[in-house]
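Report on one structure; see the data block that follows.
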Amino acid sequence: MLRQAPIEFARVVYGLSDHANGRLGTAAAEDVARMVRKGTPVTRERAEQRARAYLPTAGHAHCPRCWVFASVKSPLHYREAVAERPESAVCKVCGAEYATGNV
Ligand SMILES: [Zn+2]
């Protein structure tokens, strides 16, 4: 999960850039817009600080997206691998899904 935090920070950067350029339909822009609607301002500086500070506990990681976007620690729910998808971790708060098999 540790390597997901910089990826989520990149989403914040893309989302802010898309937002500023009127491309509101992208997934990253929608994530930023959702946080702003909740009253959580999203800034590049704060997201970068949080991405650096992301420190998950093995087996009890919290959602990198909720953390980087909103400074919220949402527990990830781990799912066993099945035929059509690998082992993954899912956030029920923001809907993020992370493959965990090779992390
Ligand atoms: Zn989340």
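Order of listing sets the numbers, starting from 1, for every ligand and every atom in it.
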Using only atom types and a distance under 3.5 Å, with no angle test, would you say the side chain of Arg50 pairs donor to acceptor with the backbone of Phe69?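 Judged by distance alone, yes, a pair lies under 3.5 Å.
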Judged by atom type as modelled, is there a donor-acceptor pair below 3.5 Å linking the side chain of Tyr54 to the main-chain atoms of His62?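 At least one qualifying donor-acceptor pair exists.
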Could you tell me whether Arg79 and Glu97 make a salt bridge, using a distance below 4.0 angstrom between a side-chain N and a carboxylate O?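 Looking at Arg79 and Glu97, the cut-off is met.
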Does a side-chain N-to-carboxylate-O contact under 4.0 Å join Glu48 and Arg52?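 Arg52 and Glu48: salt-bridged.
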Metal environment of the Zn ion (ligand 1), protein N/O/S under 2.8 Å: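 Sorted hits: Cys63 SG, Cys66 SG, Cys91 SG, Cys94 SG.
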Just checking Arg44: does its CZ atom have more than 12 heavy atoms from other residues, nucleotides or ligands closer to it than 6.0 angstrom?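 No, not enclosed.
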Minimum side-chain heavy-atom gap Pro64-Tyr98 below 4.5 Å: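 Side-chain contact under 4.5 Å: yes.
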